[in-house]
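Quick notes on the structure that follows.
Chain naming here is simple, since letters A, B, ... match the order of the sequence lines and numbering starts at 1 in each.
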Protein chains: 2
Amino acid sequence: MVTIYDIAAKANVSAMTVSRVINNTGKISEKTRIKVKKVMDELGYVPNQMARSLVLQQTRILFLLITDIMNPFYTTLTRGAEDAARKNGYRLLFGNSDESVEKEGEYINTILTTRVDGALLAPAGDPSHPHLEQLRKHGVPFVLLDREVPGISCDIVLGDSRDGARRLVEYLVEQGHRLIALVNGSASISSARLRLAGFQEAMKLNDLPFDERYVHETSFGPELDVDAMEQWIAAMDPPPTAIMSGNNVLAVVIIKLLRARGLRIPEDISVVCFDDFGLYSEMDPFITVAAQQAYQFGYLGMQLLIDRIGEREVPDKTVWKKVVLPPELIVRRSVKRLDV
Amino acid sequence: MVTIYDIAAKANVSAMTVSRVINNTGKISEKTRIKVKKVMDELGYVPNQMARSLVLQQTRILFLLITDIMNPFYTTLTRGAEDAARKNGYRLLFGNSDESVEKEGEYINTILTTRVDGALLAPAGDPSHPHLEQLRKHGVPFVLLDREVPGISCDIVLGDSRDGARRLVEYLVEQGHRLIALVNGSASISSARLRLAGFQEAMKLNDLPFDERYVHETSFGPELDVDAMEQWIAAMDPPPTAIMSGNNVLAVVIIKLLRARGLRIPEDISVVCFDDFGLYSEMDPFITVAAQQAYQFGYLGMQLLIDRIGEREVPDKTVWKKVVLPPELIVRRSVKRLDV
DNA sequence: TATTTTAGAGTTATCGGTAACATTTTATAA
DNA sequence: TTATAAAATGTTACCGATAACTCTAAAATA
């Protein structure tokens with residue numbers, strides 16, 4: 001491996017002079033600058049970021065932790081985060097917690113040991129609290145995405161889950177639906193709670209009864225319990241005329257289960273959900289959704305993080321920023337108009 | 001920041017003893033081990049990976065470079081790579097070249113300066129050659145995914161593009177199609193070349209003429225030229241009865257364009273493509289595809305990489321491994337049976 | 001001409017660890 | 001009891017860079 005010392009020796013200068021040439025700092029005569037650069041090229045020098053980070057006490061690397069890399073919401077978000085990071089000269093280390101608090105913990109560990117300059121996180125849920133406390137304790141700046149964690153104050157980018165859910169229900173009601181079911185993520189996730197709240201609120205506003213048997217709670221993630229979901233569907237009697245899903249992954253599972261029961265959508269049962277489907281939804285837009293501005297989540301979140309890193313304020317006196325992005329209701333053809 | 005020296009001081013031992021406790025190396029009396037551990041806990045010590053990497057000359061970080069993070073093929077692949085990396089105690093740094101050789105170059109730079117232990121790469125295309133030469137020159141072990149690069153010998157995981165394309169065409173022919181068009185990625189990408197080759201081969205085998213006007217070359221990536229594609233479609237006269245797309249992203253664009261022209265799929269025109277659509281394809285299986293084993297690409301590729309890192313052989317005498325994964329033809333309902 | 005600046009370099013210490021060798025204890029054998 | 005081996009711990013150097021300070025020679029000023 002070529003080091004600045006190799007270059008220094010060959011160019012007959014000190015290592016410091018080489019460092020100055022590399023970083024364009026201090027005063028260097030044009031003659032030596034050229035001489036050193038020539039040797040650098042000849043030897044194919046590549047700076048060692050580790051060594052540099054060690055002495056500079058910063059890595060120029062940020063960490064992005066998402067909860068489901070197969071979910072288009074998060075990949076689109078990732079793309080936004082990446083763009084913002086690149087634009088500011090940061091690199092991105094990344095991880096995928098699969099909605100698991102345990103896996104998340106491993107990544108928190110990586111964040112700490114790797115000494116990244118900051119982290120952008122979609123927390124697994126309320127139990128992520130100690131993880132975030134850890135980051136705070138060690139002075140790692142972080143920004144949350146999509147989910148609040150009670151007891152943690154920080155910059156955050158959220159979707160308006162309550163309003164989105166309300167609008168989905170309102171739409172269903174407008175189409176004549178009165179018996180509406182909800183399948184949702186874990187109540188330990190703030191966005192799931194708000195979606196439930198929005199659901200309840202809209203039901204109430206329309207003088208519709210709220211029946212717990214028509215609400216099923218599972219996981220937003222890839223490891224959800226399909227059997228339990230199937231039983232829930234079978235148990236609802238009378239069956240709902242419409243199901244609202246708390247996110248896109250759950251919608252896929254629900255739709256598969258419904259079809260397996262021989263139900264057609266929307267002829268026999270209507271379905272709507274939170275979050276869109278990335279690439280594919282452009283191709284064959286089928287399901288009516290409350291689409292979130294995924295790219296903006298990542299882009300703005302990253303921007304907040306980078307701003308925060310630049311400031312390096314005392315967390316106690318900080319005014320935290322909260323960005324709330326409204327979802328967009330996209331009506332497609334998964335809902336049947338009921339004539340009551 | 002707490003260092004081993006802080007711990008050493010507080011525990012009344014040398015820094016080396018602390019290091020030994022952390023790494024479980026050397027001989028340590030149970031008494032001091034406990035004493036040191038206690039102080040570590042009290043002070044909330046977290047090892048500095050930078051410092052460690054500097055002296056150990058290894059980072060336990062690998063790099064994954066994909067070409068399109070919005071494409072489900074790559075996200076599924078990423079998931080596989082991540083699982084394999086985690087299983088072996090490696091962390092993953094990752095980047096997204098957007099099919100751009102230039103962006104790829106920036107990430108190659110990151111790979112070099114960050115001193116990662118190895119890289120798993122989906123190259124942007126043949127022009128990636130110098131980038132890979134750079135890695136080789138600097139002794140960075142790497143494994144290619146999905147695309148070969150002429151002049152570069154290395155471990156690689158490929159799909160059987162030629163055969164997949166052949167089978168898609170065969171299927172179309174079986175369904176009575178004779179005028180088949182192909183929209184494909186850049187000829188500077190090996191997999192695109194092979195898909196064209198498979199296409200031509202199948203046409204020939206079925207005594208169908210190959211007409212260049214029915215083949216359109218663009219980019220696999222997010223920055224493809226939609227206008228050019230539109231003109232191509234309009235120019236084909238007579239119009240094809242079926243279009244085969246070189247990948248999923250192109251298929252989406254094609255389908256949108258066809259629909260914009262008022263054409264229904266499959267009633268007015270049939271479409272098939274390479275690669276499946278992840279999550280969504282489970283929900284609303286519409287388009288007939290040659291689905292690749294995306295997860296396996298990542299998982300096996302990562303495995304090859306890690307094996308290679310363990311060996312540290314001389315590249316000259318190396319026998320390179322090549323894994324070829326066959327795609328699966330999944331028939332859905334985007335193809336109309338023509339009765340000739 | 002003598003004195004002060006300043007441009008252009010070099011020296012040394014340090015970031016936070018670990019390897020290799022050195023030293024001190026403690027345990028075991030003679 | 002003493003010699004010797006083994007166990008436990010300490011010292012020093014180094015990984016590859018940069019900050020802060022120092023030094024030297026030429027240029028600017030008095």
message = Using the ring pair (Phe, Tyr, Trp, His ring centres under 6.0 Å) criterion, which residues pair with B/Phe73? Sequence neighbours excluded.
response = B/Phe297
task = Could you state the atom-to-atom distance from CG of A/Asn48 to C1' of D/dG16 in whole Å?
result = 6 Å
query = Base, sugar-phosphate alone, or nothing: which one does B/Ile4 contact when heavy atoms must sit under 4.0 Å apart?
reply = base
key: Listed partners of A/Lys322 passing side chain to side chain donor-acceptor pair (under 3.5 Å), at least two apart   = A/Glu148
query = For the helix from C/dT1-D/dA30 to C/dA30-D/dT1, what is the angle between the axes at its two ends, each from 5 pairs, rounded to 10°?
reply = 50°
message = At a heavy-atom distance below 4.0 Å, what parts of residues 22-45 of chain B sit against DNA chain C?
response = B/Asn23, B/Tyr45
message = Quick test of your reading: applying salt bridge (Lys or Arg N to Asp or Glu O under 4.0 Å), list the pairs with at least one residue in residues 70-81 of chain B, sequence neighbours left out, ordered by first then second residue.
response = A/Asp98-B/Arg79, B/Arg79-B/Asp83
query = Under the side chain to side chain contact (heavy atoms under 4.5 Å, CB included) test, which residues partner B/His138, sequence neighbours left out?
reply = A/Met1, A/Val46, B/Leu112, B/Val140
ask   = With no angle test and no hydrogens, is the base of C/dG16 tied to the side chain of B/Tyr5 by a donor-acceptor pair under 3.5 Å?
value = no
query = Counting just side-chain N and O atoms, does B/Gln57 come under 4.0 Å of either OP1 or OP2 of D/dG16?
reply = yes
message = Applying side chain to side chain donor-acceptor pair (under 3.5 Å), can you list everything that pairs with A/Lys10, at least two apart in sequence or on another chain?
response = A/Glu42
task = Give a yes/no answer on whether the side chain of A/Ser19 brings an N or O atom under 4.0 Å of OP1 or OP2 in D/dT18.
result = yes
key: side chain to side chain donor-acceptor pair (under 3.5 Å) against A/Arg20, all qualifying residues, sequence neighbours excluded   = none
Qualifying residues under ring pair (Phe, Tyr, Trp, His ring centres under 6.0 Å), relative to A/Phe220, sequence neighbours excluded = none
ask   = Picking from D/dA17, D/dC15, D/dT18, which would you name as closest to the side chain of A/Ala51?
value = D/dA17
inquiry  = Tell me every residue that passes ring pair (Phe, Tyr, Trp, His ring centres under 6.0 Å) with A/Tyr74, counting only those two or more places apart in sequence or in another chain.
reply    = none
ask   = Sequence neighbours excluded, which residues qualify as side chain to side chain donor-acceptor pair (under 3.5 Å) partners of B/Asn71?
value = B/Asn248
inquiry  = Expressed as a whole number of angstroms, how long is the span from B/Gln58:CD to C/dA19:C1'?
reply    = 14 Å
Between protein and nucleotides 22-28 of chain C, what N or O pairs are separated by less than 3.5 Å?
none

key: Nearest-Å distance for atom pair CG/C1', residues A/Leu54 and C/dT14   = 9 Å
query = Does a sphere of radius 6.0 Å around NZ in A/Lys35 hold more than 12 heavy atoms from other residues, nucleotides or ligands, not counting ones at 6.0 Å or beyond?
reply = yes
request  = Answer whether the closest heavy-atom distance between the side chains of B/Arg33 and B/Asn24 falls below 4.5 Å.
outcome  = yes
task = For the residue pair A/Leu144 and A/Leu132, establish whether any side-chain heavy-atom pair is separated by less than 4.5 Å.
result = yes
ask   = Can you check the A/Arg115 CZ to C/dG16 C1' distance for me, whole Å?
value = 9 Å
message = Counting only side-chain nitrogens and oxygens, does B/Thr3 get under 4.0 Å of the OP1 or OP2 atom of C/dC15?
response = no
ask   = Between A/Met16 (CE) and D/dA17 (P), how many Å, whole number?
value = 12 Å
ask   = Among D/dA19, D/dG10, C/dT18, which is the nearest nucleotide to the side chain of B/Thr17?
value = D/dG10
